[in-house]
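Remarks on the structure that follows.
Values below: every heavy atom of this structure, side chains too, minus hydrogens, waters and symmetry copies.
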Amino acid sequence: MKIDLFNEIQNPRPWSEGHEQQRFRTAIEQAKLADELGYGCWWQVEHHGAGEFSLSSAPELMLTAISQHTSRIRLGHSAVLAPARFNHPVRVAERAATLDHLSGGRVELGLTRSTIPEWRLFGIDPEAARSQTQQAFEMIPKMWTSDRFSYSGPDFQIDDVPILPKPLQKPHPPLWQAAASPGSFADAGRRGVGVLGTTIWESAERVERMIKLYRAAAEQCTEPVGSFVNNQVAYFTFVHCAETDEQAMRNGAAAAAAWYTVTALNFFEAATEFSRGVAEQQRLMADQAKDNLAGQFFRDEVAATEGPTDGQVLIGRVVSGEEVSDEEIFEVLSAQDSLIVGSPDTCRRKLRKYADLGIDRLMCLQQIGSIGDEEVMTSIRLIGELITEFDH
């Protein structure tokens, strides 16, 4: 299991003069340290209108800056918002290929549909988002590998155009899909692209089932959207390491996990997303086709469960607007092994659990909430000292 860094450039209030400049400069210093320590990849998100949750609205520029301060660490875009009003596929292909040259061939490219508030901000029809994401997956790798490119689809008509530059990596950078639901995990596998998931609110048991779902779909992929099947699973979760378990808590780990939970669920309008997810689950469960792996996943899950998990109950309470204490949020998430927080020995044990699940890349979200810059750098360093125990 490779150990990576995942970054959102979070910027919680209260804000001081020059706070945005400081956040960007600090992120570059974190990337430089990660490069020195042997982290596998720096993953940068794309969000718009996110307020204090994320300053990462131009990740391609952030990754370009990092490329000029590092030499080894790979540079992951996790993920480009694929509907065309966010990013036209031609521009995605051009920017990623340019970054691949500027970085010496270190790019990993993820795509995703995005979600309700960002669709609304850019005037995107939610029903068009899925189709345009699929078309982007179909087009971008072919733009990279064709001297001249043509495409005819529901939303794009491109006739015999050279799309330049071509990436430095041959045949092209690895492709990924950001995913949160079983249906999206299955989609990623069927496309033959890697999957970028989250464990921060999931139990280890469900993560293991999601990985098996993805692997089954990827094994059935005979016509990947790219030139090869990138059969890899990457997951991100909150990681904070200090000299002792007690110091990790004094550094504000509980408050940071709680802040992230509440802020993320509010930004993503989780109550509405939950309703959409339930409708999608019911649709998939009703489809009895043998190749409907996501539907079978849900049917098996319903048959095996005795009720919602403590984590699911917690999320439901937060989404409904209930005030839940930082301590309770942290305790519930810790109990289901959703977080990696504590001393190096504690973090080592928790990292081993993730490796044993079959995860290929663990994306460590370390700059989170109001944890201090010095404490984040210490955590990056301490986790970095464990990398060789897992990456071999």
Side-chain angles (χ1 to χ4, degrees), residues 3-39 42-45 47 50-57 59 62 65-66 69-70 73 198 200 236-267 324-331 333-334 338-348 350-351 362-387:
I3 296 179
D4 299 342
L5 273 178
F6 183 88
N7 188 266
E8 308 205 29
I9 314 183
Q10 296 188 337
N11 192 32
R13 297 175 185 274
W15 294 337
S16 58
E17 184 70 25
H19 59 98
E20 293 177 329
Q21 172 78 152
Q22 180 61 34
R23 291 294 185 192
F24 287 114
R25 290 187 179 278
T26 299
I28 290 173
E29 292 303 312
Q30 292 168 1
K32 289 164 62 176
L33 177 61
D35 188 54
E36 294 169 7
L37 293 170
Y39 280 81
W42 176 282
W43 296 93
Q44 195 70 46
V45 303
H47 286 311
E52 60 186 326
F53 181 66
S54 175
L55 289 177
S56 190
S57 56
M62 191 68 201
I66 289 172
H69 289 275
T70 58
I73 195 168
T198 174
I200 203 164
F236 94 83
T237 193
F238 170 38
V239 177
H240 183 67
C241 191
E243 294 294 344
T244 65
D245 291 348
E246 294 75 18
Q247 185 61 53
M249 296 304 291
R250 286 197 295 271
N251 289 348
W259 179 88
Y260 184 90
T261 296
V262 173
T263 307
L265 292 174
N266 286 333
F267 170 61
V324 184
S325 71
D326 293 353
E327 291 74 20
E328 184 177 359
I329 291 175
F330 183 80
E331 288 171 5
L333 296 180
S334 295
S338 296
L339 313 176
I340 299 175
V341 173
S343 67
D345 283 343
T346 298
C347 290
R348 177 185 290 109
K350 289 179 175 287
L351 286 167
L362 186 68
M363 304 181 291
C364 302
L365 175 59
Q366 302 213 48
Q367 189 266 314
I368 183 171
S370 295
I371 294 178
D373 293 342
E374 183 177 341
E375 287 74 19
V376 171
M377 293 290 271
T378 297
S379 179
I380 291 171
R381 186 174 294 106
L382 291 173
I383 293 294
E385 293 172 359
L386 304 177
I387 286 174

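- Here the straight-line distance linking atom CE of Met363 with atom OG1 of Thr237 works out to 10.0 Å at 0.5 Å rounding.
- Separating the CG atom in Asn7 from the CG atom in Leu365 is a distance of 7.5 Å, to the nearest 0.5 Å.
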Output side-chain donor-acceptor pairs under 3.5 Å for residues 27-39, partner residues at least two apart or in another chain, one line each.
| unit_1 | atom_1 | unit_2 | atom_2 | d |
| --- | --- | --- | --- | --- |
| Glu29 | OE2 | Lys32 | NZ | 3.3 |
| Asp35 | OD1 | Arg72 | N | 2.9 |
| Asp35 | OD1 | Ile73 | N | 2.7 |
| Asp35 | OD2 | Ser71 | N | 3.0 |
| Tyr39 | OH | Gln366 | NE2 | 3.3 |
| Tyr39 | OH | Ile380 | O | 2.6 |
| Tyr39 | OH | Gly384 | N | 3.3 |

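- Side chains of Cys347 and Ile383 form a contact here, defined as non-hydrogen atoms less than 4.5 Å apart.
- In plain terms, the two heavy atoms of Phe238 and Ala253 that are nearest each other are CE2-O, 3.5 Å.
- A donor-acceptor contact shorter than 3.5 Å is absent between the side chain of Glu327 and the backbone of Ala254.
- Taken to the nearest 0.5 Å, the CD atom of Glu331 stands 7.0 Å off from the OG atom of Ser325.
- What you find for Asp326 and Ala258 is that their closest heavy atoms are OD1-CB, 3.3 Å.
- Closest non-hydrogen pair, Pro12 versus Gly369, comes out as CG-O, 3.1 Å.
- In this structure, Ile3 and Val239 have side chains that are not in contact, with every pair of non-hydrogen atoms separated by 4.5 Å or more.
- Partner of Gln247 under the side chain to side chain donor-acceptor pair (under 3.5 Å) criterion, out of Thr244, Asp245, Asn251: Asn251 alone.
- Counting all heavy atoms, side chain and backbone alike, Ser343 lies closest to Cys241 at C-SG, 3.8 Å.
- Summarising the geometry, atom OG belonging to Ser56 is positioned 7.5 Å from atom CZ belonging to Phe24; distances are rounded to the nearest 0.5 Å.
- Taking the six-membered ring where the residue is Trp, Phe236 and Tyr260 present perpendicular rings, their angle passing 60° and hence far from 30°.
- Counting heavy atoms from C-beta on, the side chains of Val341 and Ser334 never come closer than 4.5 Å.
- Of all heavy-atom pairs between Ser54 and Val45, the closest is OG-CG2, 3.9 Å.
- Within the structure, side-chain hydrogen bond (donor to acceptor under 3.5 Å, both in side chains) contacts touching residues 18-27 (residues at least two apart or in different chains) are Asn11-His19, Asn11-Arg23, Gln21-Arg25, Gln22-Thr26.
- Looking only at distances, a side-chain donor or acceptor of Glu52 sits under 3.5 Å from a matching main-chain atom of Arg13.
- To the nearest 0.5 Å, atoms CD1 (Ile9) and OG (Ser57) are separated by 8.5 Å.
- Closest approach of Phe267 and Ala50 over heavy atoms only: CE1-CA, 3.5 Å.
- In terms of modelled atom types and a separation under 3.5 Å, the side chain of Thr378 and the main chain of Glu374 share a donor-acceptor contact.
- By the 4.5 Å heavy-atom criterion applied to side chains, Asp345 and Arg348 are counted as neighbours.
- With a 4.5 Å cut-off on side-chain heavy atoms, Leu382 and Glu243 count as touching.
- Atom CG of Leu333 sits about 5.0 Å away from atom CG of Leu339, to the nearest 0.5 Å.
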